[in-house]
**Student:** 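Dropping a structure here in C-alpha cells format, bear with me for questions.
Starting from 1, each residue takes its place in the sequence as its number. Side-chain atoms are counted along with the backbone in the values below, which use heavy atoms only and exclude waters and symmetry mates.
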Amino acid sequence: EPANPEARPNPDTQQQEAIFKTLLVTVQHFFGGFARLFHGLTDPRSAADITYPLPALLATGVLLFLLRLRARRQINLLLRGNAATAAKYQACFGIAQCPHGDTLNALCRRLLLPQVQEVVTGMTETLIRRKVLYPHRLLDQYFLVVIDGTGVLTFTERHCPHCMTRTSKGQTLYYHPVLEAKLVTATGLVFSLMTEFIENPNEYPTKQDCELKAFYRLAPRLKQRFPRLPLCLLLDGLFAGSPVFTLCEQYHWQYLIVLQEKDMPSVHAEFAALLPLAPENHLFFRTGVRSEIHQTFDWMNEILYAPTPTGREHTVAVMRCLESKPAAQGQRTTVRFKWITSFTVTPHNILSLANQGGRLRWKIENEGFNVQKNGGYALEHVYSEDANAGKVFYLLLQIAHLVAQLIEYGSLFRQAFPKGVGSAQNIAFRLLEAWRNLQLGADDVQRMLDARIQIRFTPP
C-alpha cells in the first residue's frame with residue numbers, strides 16, 4: 001500500500017478511464033474507429049475552408065446524442081472550451097479543440113444523405129457479418145426486421161415545402177414522420193437498418209405521403225442492399241394486404257403481420273370455419289417465473305386470400321394466442337394476439353413464431369422510438385432548421401443509439417462495472433463526465449487502442 005495516500009488510484013478517475021476506454025475501443029473493435037466509420041462520405045467543403053476533419057465533426061454529432069446533450073448548443077456549453085475535452089480531440093483527431101455546433105450544422109446541410117444512410121446500414125451489416133446477431137435469428141435462420149413509422153418533428157407553422165399536414169379543431173400542424181426498418185432481437189436490442197423519410201413532394205400535393213407509400217419505396221432499397229439476407233418482417237395491421245404479400249413473395253421474405261379483427265374478414269371467417277376441423281392445431285403452454293402465464297395457441301395453414309374475385313390469390317397461415325395472467329383479487333386477465341403469416345405453422349415452431357417473432361413488433365416502439373424520444377436522445381428536438389441537416393442529425397442519432405447498446409452489453413463495460421450503473425442514461429452521464437474531466441494525452445489514447453482485447457457481446 002502506498003505510503004502517500006495521494007498516490008492511491010482515484011476511484012472516480014479509474015471509472016472515468018474505464019468508461020472512456022469502453023467507448024473508444026468499442027468503436028475501434030467493431031468499426032475500425034470514427035475515421036474509418038465515416039471514410040465513405042464525400043466532404044463537400046473546399047480544402048481551404050477545412051479546419052476540422054470530417055470524422056471529427058461527425059464524431060461530435062454522434063457524441064451529441066451518445067452523451068445525451070439534448071440540444072446542439074450544449075456542444076458549445078459543455079464540450080467546447082473544456083481543457084480535458086480539447087486534449088482528447090487533440091489525441092483522437094489531431095485538432096486543438098471540439099468543433100462548434102454551428103460548424104457541425106453547416107457540414108450537415110451539405111452532406112449527401114444516401115452516404116450517411118449507408119454508414120448506419122453498414123454498421124448493422126457489420127454486426128451481422130461478424131455473427132454478433134446470429135444467436136438471435138428466428139428459427140436459427142431469419143433476421144427479424146420491424147418496419148414501422150413514428151413522428152419526429154412537429155411545427156405550428158410550415159417548416160418546408162415537404163411538411164405533412166394535419167388539421168384538428170381548426171388548427172393545422174406541420175410534421176415530419178419517418179418509416180424505420182429496425183433489426184430487433186427477443187432480448188431487446190434494436191438496431192436501425194434503413195430509414196425512409198415520409199414527406200410530401202410539394203406544398204400542395206393531391207394526396208399526402210404515408211407509411212404505406214414509404215414502405216413501397218423502402219422495400220426495394222432494402223432488397224437491393226441485402227439481396228440474400230433471410231428476413232422476416234414484423235408488421236402491424238396497416239400492412240396486411242395483397243400488395244405487401246405480393247412484394248414479400250417476390251423478394252422471398254417471410255412475414256408476421258398483426259391481424260386486426262376488422263381487417264380481412266374473409267380470412268377471419270375461413271380461420272373460424274376450418275379450425276374445428278383440425279383439433280390437432282392446438283397447443284397449451286405455461287410460462288413465467290412460476291408458470292403463472294397461460295398461453296393457448298391455435299393455428300390454421302393454407303388459407304386462401306384474394307382481395308377481389310379476380311385478384312391474385314395468396315396462401316397464408318393464421319395464428320392465434322390467448323394469453324391469461326393473474327390479476328387482482330384472484331382473477332385472471334386475458335389478451336388476444338392474432339397474426340397472418342407466410343410460415344407454415346407446426347406444433348414445433350408455433351412458440352418461436354409467436355413469442356420470439358410476432359410478439360417482438362412492439363420492441364420498435366419501446367426499446368426503439370420510446371428510448372430515442374424519452375431516454376435522453378431527444379429525437380423530437382429540432383437540431384437544425386435545414387431539412388437536409390435535420391435528416392443527417394436523425395441518422396447520427398441512430399448511430400449513437402447503436403453504439404450505446406454495444407457499450408452497455410459489451411464485456412468491456414460489464415468487466416469495468418460488474419454491478420452496472422443503474423440505467424443507460426447513467427452510462428451517458430458517466431461518459432460526459434469522462435469527456436469533461438478525465439485528463440488523457442495522445443500516448444494514453446494510443447495505449448488504450450493498442451491493448452489486445454476481446455469484446456464479448458452479451459445482450460440482456
Side-chain angles (χ1 to χ4, degrees), residues 19 23 60-75 77-79 101 120 123-124 144-156 159 164 166 168 173-198 211 234 236 238 258 359-385 389-409 413 417 420-433 435 459-460:
I19 197 71
L23 165 61
T60 303
V62 174
L63 287 176
L64 165 64
F65 300 105
L66 197 59
L67 306 182
R68 313 295 207 275
L69 299 186
R70 297 175 182 265
R72 202 176 74 231
R73 66 179 179 275
Q74 295 293 91
I75 294 174
L77 296 173
L78 296 176
L79 298 182
V120 181
M123 293 176 76
T124 302
L144 294 167
V145 176
V146 182
I147 299 181
D148 200 6
T150 190
V152 178
L153 303 177
T154 303
F155 305 90
T156 56
H159 165 254
M164 304 282 286
R166 179 174 63 245
S168 176
L173 293 179
Y174 302 88
Y175 64 103
H176 284 267
V178 299
L179 186 73
E180 269 286 323
K182 290 185 181 290
L183 193 152
V184 303
T185 72
T187 53
L189 298 171
V190 180
F191 299 134
S192 180
L193 196 60
M194 195 166 284
T195 301
E196 183 67 38
F197 294 95
I198 303 173
E211 283 188 34
L234 308 181
D236 67 21
L238 172 68
V258 174
R359 294 284 293 275
L360 302 192
R361 197 200 67 79
W362 65 272
K363 289 188 177 293
I364 194 173
E365 296 285 352
N366 193 23
E367 280 86 347
F369 298 141
N370 184 56
V371 167
Q372 293 182 4
K373 290 180 179 181
N374 304 308
Y377 292 93
L379 173 64
E380 296 171 299
H381 178 76
V382 181
Y383 289 94
S384 177
E385 293 288 344
K391 294 175 182 177
V392 171
F393 278 109
Y394 175 87
L395 294 174
L396 291 175
L397 188 156
Q398 305 310 312
I399 293 173
H401 189 208
L402 186 152
V403 172
Q405 293 175 83
L406 293 180
I407 289 173
E408 184 175 2
Y409 302 115
F413 176 77
F417 302 92
V421 296
S423 70
Q425 292 200 54
N426 284 344
I427 297 176
F429 174 77
R430 287 172 179 257
L431 271 173
L432 176 59
E433 289 298 294
W435 273 90

**Student:** Excluding sequence neighbours, so at least two apart, what forms side chain to side chain contact (heavy atoms under 4.5 Å, CB included) with N426?
**Tutor:**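 Expected list: V421, S423.
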**Student:** Run V120 and T195 through side-chain contact (heavy atoms from CB on, under 4.5 Å) and show every step you take.
**Tutor:** CA-CA 9 Å; V120 181; T195 301; 6.0 Å; no
**Student:** Would you say CZ of F417 has more than 12 non-hydrogen atoms from neighbouring residues, nucleotides or ligands within 6.0 angstrom?
**Tutor:** yes
**Student:** Applying side-chain contact (heavy atoms from CB on, under 4.5 Å), run through M123 and Q398 and close with a yes or a no.
**Tutor:** CA-CA 10 Å; M123 293 176 76; Q398 305 310 312; over 6 Å; no
**Student:** Does L402 reach the side chain of L183, with side-chain heavy atoms less than 4.5 Å apart?
**Tutor:** no
**Student:** Strictly distance-based, threshold 3.5 Å: is any side-chain N or O of R166 a donor or acceptor partner for the main-chain N or O of L173?
**Tutor:**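 Not at all, since once roles are kept as given, no pair shorter than 3.5 Å links the two residues.
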**Student:** Side-chain polar contacts of residues 144-156 - donor-acceptor pairs under 3.5 angstrom, sequence neighbours left out - could you list them?
**Tutor:**
{"unit_1": "D148", "atom_1": "OD2", "unit_2": "R361", "atom_2": "NH1", "d": "3.2"}
{"unit_1": "T150", "atom_1": "OG1", "unit_2": "K373", "atom_2": "NZ", "d": "2.6"}

**Student:** How close do A400 and Y377 get, heavy atom to heavy atom, and via which atoms?
**Tutor:**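 So the minimum-distance heavy-atom pair works out to O-OH, 4.2 Å.
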**Student:** Specify the closest pair of heavy atoms between F65 and Y383, including all atoms of both residues, with the distance to one decimal.
**Tutor:**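 So the two residues come closest at CE2-CZ, 3.3 Å.
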**Student:** If you apply the rule side-chain contact (heavy atoms from CB on, under 4.5 Å), what do you find for W435 with L66, and how did you get there?
**Tutor:** CA-CA 12 Å; W435 273 90; L66 197 59; over 6 Å; no
**Student:** Restricting to non-hydrogen atoms, name the atom on F413 and the atom on I407 that form the minimum distance, rounded to 0.1 Å.
**Tutor:** CB-O, 3.1 Å
**Student:** For a 4.5 angstrom cut-off between non-hydrogen side-chain atoms, does H381 reach F393?
**Tutor:**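 SC-SC contact between H381 and F393 ruled out.
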**Student:** Calculate, to the nearest 0.5 Å, the distance between atoms CG and OG belonging to L395 and S192 respectively.
**Tutor:**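 Rounded to the nearest 0.5 Å, the CG-OG separation comes out at 7.0 Å.
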**Student:** For Y394 and E180: C-alpha separation, side-chain torsions, deciding distance, then whether side-chain hydrogen bond (donor to acceptor under 3.5 Å, both in side chains) applies.
**Tutor:** CA-CA 11 Å; Y394 175 87; E180 269 286 323; 2.8 Å; yes
**Student:** Check whether any side-chain heavy atom of L189 lies under 4.5 Å from a side-chain heavy atom of Y409, and answer yes or no.
**Tutor:**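 With C-beta onward as the side chain, the pair touches.
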**Student:** Rounded to the nearest 0.5 Å, what's the gap from NZ on K182 to CD on E367? Could you check?
**Tutor:**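 Answer for the NZ-CD pair, K182 versus E367, is 11.5 Å.
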**Student:** Please report the interatomic distance CD1(I198) to NE2(H176), rounded to the nearest 0.5 Å.
**Tutor:**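 Answer rounded to 0.5 Å: 11.5 Å.
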**Student:** Can you name the closest pair of heavy atoms from S384 and G390 and give their distance?
**Tutor:** CB-N, 4.1 Å
**Student:** Looking only at non-hydrogen atoms, find the nearest pair between F197 and V178 and report the distance.
**Tutor:** CD2-CG1, 3.4 Å
**Student:** To the nearest 0.5 Å, tell me how far I427 CD1 sits from E408 CD.
**Tutor:** 4.0 Å
**Student:** Is there a donor-acceptor pair closer than 3.5 Å between any side-chain N or O of H159 and the backbone N or O of E385?
**Tutor:** yes
**Student:** I'd like to check the side chain to side chain contact (heavy atoms under 4.5 Å, CB included) partners of A186; sequence neighbours left out, ordered by chain and number.
**Tutor:** Q356, L360
**Student:** Which distance, rounded to the nearest 0.5 Å, do you find between the OG1 of T124 and the CE of M194?
**Tutor:**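 Answer for the OG1-CE pair, T124 versus M194, is 10.0 Å.
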**Student:** Return yes if some donor-acceptor pair links the side-chain N/O of Q74 with the main-chain N/O of L64 below 3.5 Å, else return no.
**Tutor:**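 Not a single qualifying donor-acceptor pair exists.
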**Student:** Looking only at heavy atoms, which two atoms of L432 and L67 are closest? And how far apart?
**Tutor:**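 In this case the closest contact between L432 and L67 is N-CD2, 3.8 Å.
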**Student:** When rounded to the nearest 0.5 angstrom, what is the spacing between CG in L78 and CZ in R73?
**Tutor:**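 Going from CG on L78 over to CZ on R73, the span is 10.5 Å.
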